[in-house]
Amino acid sequence: MTGIYFSGTGNTKFCAEEFLRCYDGSGRAVSIEDNQAETLLLEEEEILLAYPVYGSDLPRIMKEFLEKQKEHFVGKRVFILATMAMFSGDGAGCAARFLKKQGAVILGGLHVIMPDCISDELVLTKTDEENSRIVKAARQKLKLAAQALQEGRPPADGLGFGARMAGFLVQRMWFGLLAGRCTGKLKINADTCVGCGKCAAGCPMENLRMEEGKAEAGKNCTLCYRCVNRCPAQAITLLGKRVVKQNDIAKYVTGDAEDSGKASFPFAGKE
Ligand SMILES: Cc1cc2nc3c(=O)[nH]c(=O)nc-3n(C[C@H](O)[C@H](O)[C@H](O)COP(=O)(O)O)c2cc1C
Ligand code: SF4
Ligand code: SF4
């Protein structure tokens with residue numbers, strides 16, 4: 001099984017790698033930002049598709065990837081992993097329905113609670129200890145789900161009709177409008193920006209550029225929160241007005257060497 005994922009701030013990348021390690025240890029996970037993703041999709045028969053849930057929906061960047069690659073999913077066996085901070089009705093179901101229409105076989109779905117990546121005020125802010133507990137529980141869930149898939153009884157989180165209704169009524173109905181409005185709303189505080197360029201270098205949408213030593217945002221944001229979480233000056237906000245706590249999955253992974261596995265962290269550059 002090969003993993004293809006999008007991860008704004010590292011949670012989903014971590015979960016995809018953990019899942020594959022527990023599943024058969026041989027598969028690797030590649031971001032949709034990597035040119036190899038398309039090649040892998042063509043070559044592999046069994047795919048782990050992973051992404052964070054935004055308002056019980058897929059990130060726009062993932063929707064665009066699936067739309068572009070849809071004919072490559074014909075006949076593929078796909079297991080869907082969706083990460084979230086609290087709740088998603090049908091986070092996994094959204095991609096499942098789309099891919100099924102394209103002719104993919106959906107093996108199952110998994111919802112995994114991870115630390116919140118929305119780091120500016122509107123957050124479910126947690127302490128480092130709480131986040132470590134969340135990640136520990138997530139790893140246990142990933143391990144059990146990988147075993148269950150191996151044994152032919154995969155989980156089906158978010159795939160049923162009730163989940164679809166919950167996702168639509170509780171979140172997707174209103175979040176779609178908010179997401180549409182926010183795509184050009186990223187704010188950069190020019191007074192605190194130190195011009196390091198990290199945000200522009202890492203943006204998966206090429207929505208940020210450096211102008212006279214300061215970062216500037218365009219109107220093509222996928223709301224991934226990568227720049228907000230990486231900015232060393234905490235100069236970037238999106239839904240809120242002030243950065244409260246930047247998400248840092250590397251800090252929350254605890255456990256012994258056997259537990260820590262091969263999962264890696266995505267902070268060096270683009271994914
Ligand atoms: C724009 C946006 C919307 C989100 N919506 C939800 C949501 O509806 N439910 C939820 O539980 N978490 C939500 N989250 C939290 C993320 O899904 C969660 O933190 C995820 O693990 C981040 O993964 P990543 O680090 O791979 O980007 C949202 C995050 C963002 C940025
Ligand atoms: S990461 Fe922050 S400090 Fe660095 S250029 Fe971007 S906004 Fe400025
Ligand atoms: S501008 Fe920031 S939040 Fe928007 S897509 Fe780029 S990195 Fe993600």
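Quick caveat, the model's predicted, so the values are computed rather than measured.
Summarising the geometry of N35 relative to T39, their closest heavy-atom pair is O-OG1, 4.0 Å, with the distance given to 0.1 Å. When all heavy atoms are compared, the tightest approach of P59 to Y54 is CB-CE1, 3.5 Å. The nearest pair of heavy atoms linking L20 to G3 is CD1-N, 3.6 Å. Looking at every heavy atom in both residues, A16 comes nearest to A29 through CB-CB, 4.2 Å. The two residues S119 and Y225 come nearest to each other via the heavy atoms N-CE2, 3.6 Å. Between K185 and R181, the closest heavy-atom pair is CG-O, 3.2 Å.
In this structure, CZ in F6 is found 12.5 Å from NZ in K13, a value given to the nearest 0.5 Å. N247 contributes atom CG, which lies 4.0 Å from atom OG1 of T9 (distance to the nearest 0.5 angstrom). Separation of atoms NZ (K100) and CZ (F73) is listed at 16.0 Å; rounding is to 0.5 Å. Rounding to the nearest 0.5 angstrom, the gap separating the OG1 atom in T183 from the CG atom in L223 is 6.0 Å. Between the OH atom of Y51 and the OG atom of S7 there is a distance of 13.5 Å, given to the nearest 0.5 Å. With values rounded to the nearest 0.5 angstrom, F19 atom CZ is found 9.5 Å from D24 atom CG.
Linking ILVMFWY side-chain heavy atoms closer than 4.5 Å, directly or via other members, places I61 and M84 in two distinct hydrophobic clusters. Residues L81 and I113 do not share a hydrophobic cluster, clusters being chains of Ile/Leu/Val/Met/Phe/Trp/Tyr side chains in contact below 4.5 Å. Connection of M210 to M205 is not established within any shared hydrophobic cluster, with ILVMFWY side chains joined at heavy-atom distances below 4.5 Å, either directly or through further cluster members. No continuous path of ILVMFWY side-chain contacts below 4.5 Å connects I249 to I134, so the two sit in separate hydrophobic clusters.
Residues R28 and Q36 bring a donor and an acceptor atom of their side chains to less than 3.5 Å of each other.
With hydrogens and angles disregarded, a donor-acceptor distance shorter than 3.5 Å links the side chain of S31 to the backbone of E33. S56 places a side-chain N or O within 3.5 Å of a backbone atom of G89 that can act as its donor or acceptor partner. Checking side-chain atoms of R226 against main-chain N and O of G202 turns up a donor-acceptor pair under 3.5 Å. Looking only at distances, no side-chain donor or acceptor of E121 sits under 3.5 Å from a matching main-chain atom of G240. No side-chain donor-acceptor contact under 3.5 Å links E46 to the backbone of R77.
No more than 12 heavy atoms of other residues, nucleotides or ligands sit less than 6.0 Å from atom NZ of K136. By the neighbour-count criterion of 12 heavy atoms within 6.0 Å, atom CZ of R97 is densely surrounded, having more than that number from other residues, nucleotides or ligands. Within a 6.0 Å sphere centred on CZ of R60, other residues, nucleotides and ligands contribute more than 12 heavy atoms. Crowding of E71 atom CD: a count of heavy atoms from other residues, nucleotides or ligands under 6.0 Å exceeding 12. Residue-environment remark: NZ (K76) exceeds the threshold of 12 foreign heavy atoms within 6.0 Å.
For the pair R164/F168, no side-chain contact is recorded, criterion being any heavy-atom separation below 4.5 Å from C-beta on. Within the 4.5 Å cutoff, no side-chain heavy atoms of N189 are placed close to those of K214. Side-chain atoms of L238 and C221, non-hydrogen and from C-beta on, do get closer than 4.5 Å to each other. In this structure the side chain of K126 never reaches within 4.5 angstrom of the side chain of P115, judged on heavy atoms. Inter-residue side-chain proximity for P52 and N11 is flagged as unmet; no heavy-atom pair is nearer than 4.5 Å. A 4.5 Å side-chain heavy-atom check between I47 and F79 finds every atom pair outside the cut-off. In this structure, L239 and C182 have side chains that are in contact, with non-hydrogen atoms separated by less than 4.5 Å. Here the side chains of I4 and L48 are not in contact, with every heavy-atom distance at 4.5 Å or above.
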Exercise for review: May I have the step-by-step check of side chain to side chain contact (heavy atoms under 4.5 Å, CB included) for L99 and L49, ending in yes or no?
Suggested key: CA-CA 11 Å; L99 293 177; L49 185 76; 3.9 Å; yes
Exercise for review: Test side chain to side chain contact (heavy atoms under 4.5 Å, CB included) on D157 and K141 and set out the steps.
Suggested key: CA-CA 12 Å; D157 295 351; K141 186 167 185 186; 3.5 Å; yes
Exercise for review: Check the pair D90, L159 against side chain to side chain contact (heavy atoms under 4.5 Å, CB included), reporting the backbone distance first and the verdict last.
Suggested key: CA-CA 6 Å; D90 57 345; L159 301 186; over 6 Å; no
**Study point:** Check against side chain to side chain contact (heavy atoms under 4.5 Å, CB included), K187 and I236
**Key:** CA-CA 6 Å; K187 297 167 283 298; I236 311 178; over 6 Å; no
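Evaluated for a side chain to side chain contact (heavy atoms under 4.5 Å, CB included) with S88, the options T83, V53, D57 yield exactly one hit, V53. The side chain to side chain donor-acceptor pair (under 3.5 Å) test with K245 is passed by exactly one of N131, D128, T127, D116: D128.
D120 has no carboxylate O lying under 4.0 Å from a charged side-chain N of K241, or vice versa, which leaves the two without a salt bridge.
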